[in-house]
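Below is one structure, written out as structure tokens, with a few remarks after it.
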Amino acid sequence: MSRFVYLDNNATTRVAPEVRDAMLPFFDTLWGNPSSMHQFGGRVMRHVAEARGKLAALIHADPSEIIFTSCGTESDNAAIYGAAEILGPRARIITSRVEHPAVLGPCRHFREHGYTVVELPVDGVGQLDLGALREALYGGNCLVSLMWANNETGTVFPIDEVAALVKSVGGVFHTDAVQAVGKLPIDVRTTPVDLLSLSGHKIHAPKGIGALYVRRGTRLQTFMIGGHQENGRRGGTENVPYIVGLGRAAELAAAGMAEEGTRVAALRDRLEAGLLATCPDARVNGDTHHRLPNTLNISFEFIEGEAILYHLSDLGISASSGSACSSGSLEPSHVIRAMGVPFTAVHGSIRFSLSRYTTDDDIDYVLEQTPRVVARLRAMSPFVRG
Ligand code: PLP
């Protein structure tokens with residue numbers, strides 16, 4: 001395999017060399033427990049505090065509002081369990097049909113335990129039905145969990161508007177911002193979210209570190225009960241090297257977001273235009289007016305996404321299927337289904353997700369290879385119109 005082109009950055013990203021370098025001393029020399037009374041522990045704690053400050057700065061939060069967790073999934077679970085337990089079973093939980101399983105799973109758990117759970121529909125481009133949200137909010141006393149940006153299509157929900165609506169009825173608002181952080185500007189001083197989840201490995205920090213933003217004054221039941229770490233809000237000895245890595249990744253994201261976002265969006269747009277021009281019967285899935293700068297979800301009608309991926313992978317190109325669910329079955333994803341994508345396109349959806357490491361040459365190569373793969377598979381497809 002002569003080429004390696006990685007366009008699966010919504011699944012995970014490469015650890016930035018600057019992040020790795022920042023982490024190394026915390027394996028070799030500064031390996032103390034930050035909760036220890038001695039000076040060695042105290043020195044380590046200062047680095048944890050510094051990382052907390054850098055992460056807080058990325059979303060304009062106060063450092064005291066950041067809780068480090070093990071991943072985005074834990075952050076989502078901690079937010080939903082923690083808030084739903086406090087609100088009690090009379091509260092309504094409002095979410096959408098296109099959320100990540102880390103949100104849908106906990107919401108459905110509470111449905112089984114007597115809570116009313118509303119899963120809001122989306123339209124054909126995966127955009128939220130705000131009218132349905134307004135209706136569901138009637139009466140207040142609710143926990144609302146809606147994602148900032150969708151991992152499969154890149155569709156960005158109008159979170160400012162959503163947050164204002166939820167707060168106008170006194171509800172608690174959680175947003176899964178795992179895909180938005182580092183790609184879109186986020187400012188919790190002007191967007192009234194109560195709880196916000198993020199994950200390190202989507203922003204060039206390692207896998208296994210995340211954070212939950214908890215607005216000061218938000219009542220939350222502790223999810224991980226143990227020691228007094230994180231001000232008693234999340235037990236467990238701090239994962240210091242990874243926390244330091246996440247802090248450095250946040251700093252890099254803040255510094256490069258505007259410039260990199262523009263460059264990456266231009267590459268993505270070139271990829272999109274090129275594929276639409278060279279592959280007949282292709283269609284973009286997602287809201288092209290409100291979309292993450294790095295994400296392209298595209299359906300090639302009449303062929304299987306998995307077959308395209310398999311051939312692209314043989315050519316050294318890593319992308320992702322929008323149609324396989326995590327169980328490995330060939331069922332269309334719940335996101336694509338919720339959008340009502342036509343049957344002929346539902347199985348042929350592919351997600352290309354770019355990063356700051358994506359180059360012009362990478363896009364040229366994908367534009368050269370993908371039309372050939374699509375044409376070859378179409379020639380074999382029993383569904384292609386003769
Ligand atoms: N939420 C969204 C929108 C995601 O895309 C992901 C990961 O793909 C998660 C949550 C889970 O994050 P993690 O892999 O850190 O548990």
Side-chain angles (χ1 to χ4, degrees), residues 6-15 19 55 59 66-81 95-109 119-120 122 126 128 144-157 159 162 174-184 186 193 195-213 223-224 234 236 239 242-243 245-246 249-250 253 285-287 290-297 318-322 324-327 333-336 338-339 351-355:
Y6 184 79
L7 295 185
D8 199 12
N9 288 282
N10 286 8
T12 199
T13 58
R14 170 188 162 183
V15 173
V19 168
L55 184 60
I59 59 169
I66 299 290
I67 301 177
F68 287 114
T69 65
S70 65
C71 58
T73 299
E74 185 191 325
S75 302
D76 285 339
N77 274 257
I80 294 165
Y81 277 83
T95 185
S96 83
R97 291 185 193 159
V98 296
E99 300 297 314
H100 191 273
V103 165
L104 282 176
C107 291
R108 288 172 185 171
H109 164 88
E119 292 181 16
L120 300 172
V122 294
L128 191 66
V144 179
S145 181
L146 291 167
M147 67 203 320
W148 201 302
N150 189 273
N151 44 305
E152 291 189 29
T153 61
T155 293
V156 176
F157 280 171
I159 290 299
V162 167
H174 165 249
T175 185
D176 175 343
V178 165
Q179 294 292 345
V181 166
K183 296 174 191 155
L184 301 175
I186 291 181
V193 300
L195 301 157
L196 179 148
S197 304
L198 63 93
S199 173
H201 72 110
K202 312 292 184 180
I203 60 165
H204 304 286
K207 296 155 197 58
I209 184 73
L212 179 65
Y213 159 79
F223 178 66
M224 190 85 94
R234 197 265 186 188
N239 185 352
Y242 284 53
I243 288 173
L246 179 53
N285 301 310
D287 184 346
H290 304 97
R291 191 168 46 155
L292 289 174
N294 77 321
T295 307
L296 168 63
N297 188 308
S318 305
S320 200
S321 164
C325 75
S326 48
S327 68
S333 84
H334 67 288
V335 176
I336 298 292
M339 290 162 59
R351 179 187 70 190
F352 295 105
S353 47
L354 288 63
S355 82

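Atom set for the values below is all heavy atoms of this structure, side chains included, hydrogens, waters and symmetry mates excluded. For ligands, and for the atoms within them, numbers begin at 1 and follow the listed sequence.
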Would you please say whether a donor-acceptor pair under 3.5 Å links the side chains of [X] and [Y]?
X    : Y    : value
S333 : E152 : yes
S318 : D8   : no
S320 : N10  : no

Original post:
Mind checking what residues have non-hydrogen atoms under 4.0 angstrom from ligand 1?
Top reply: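 The 4.0 Å shell around ligand 1 contains C71, G72, T73, D76, H100, M147, N151, D176, V178, Q179, S199, H201, K202.
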
Original post:
For the side chain to side chain donor-acceptor pair (under 3.5 Å) test, which of T153, N150, N297 pairs with N285?
Top reply: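 Result for side chain to side chain donor-acceptor pair (under 3.5 Å) with N285: N297.
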
Original post:
side chain to side chain donor-acceptor pair (under 3.5 Å) with T69: which of S197, S75, S199?
Top reply: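 Filter result, single survivor: S75.
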
**OP:** Can you sort out the partners of H290 under ring pair (Phe, Tyr, Trp, His ring centres under 6.0 Å), two or more places apart, ordered by chain and number?
**Re:**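 Scan of H290 (ring pair (Phe, Tyr, Trp, His ring centres under 6.0 Å), adjacent residues dropped) gives none.
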
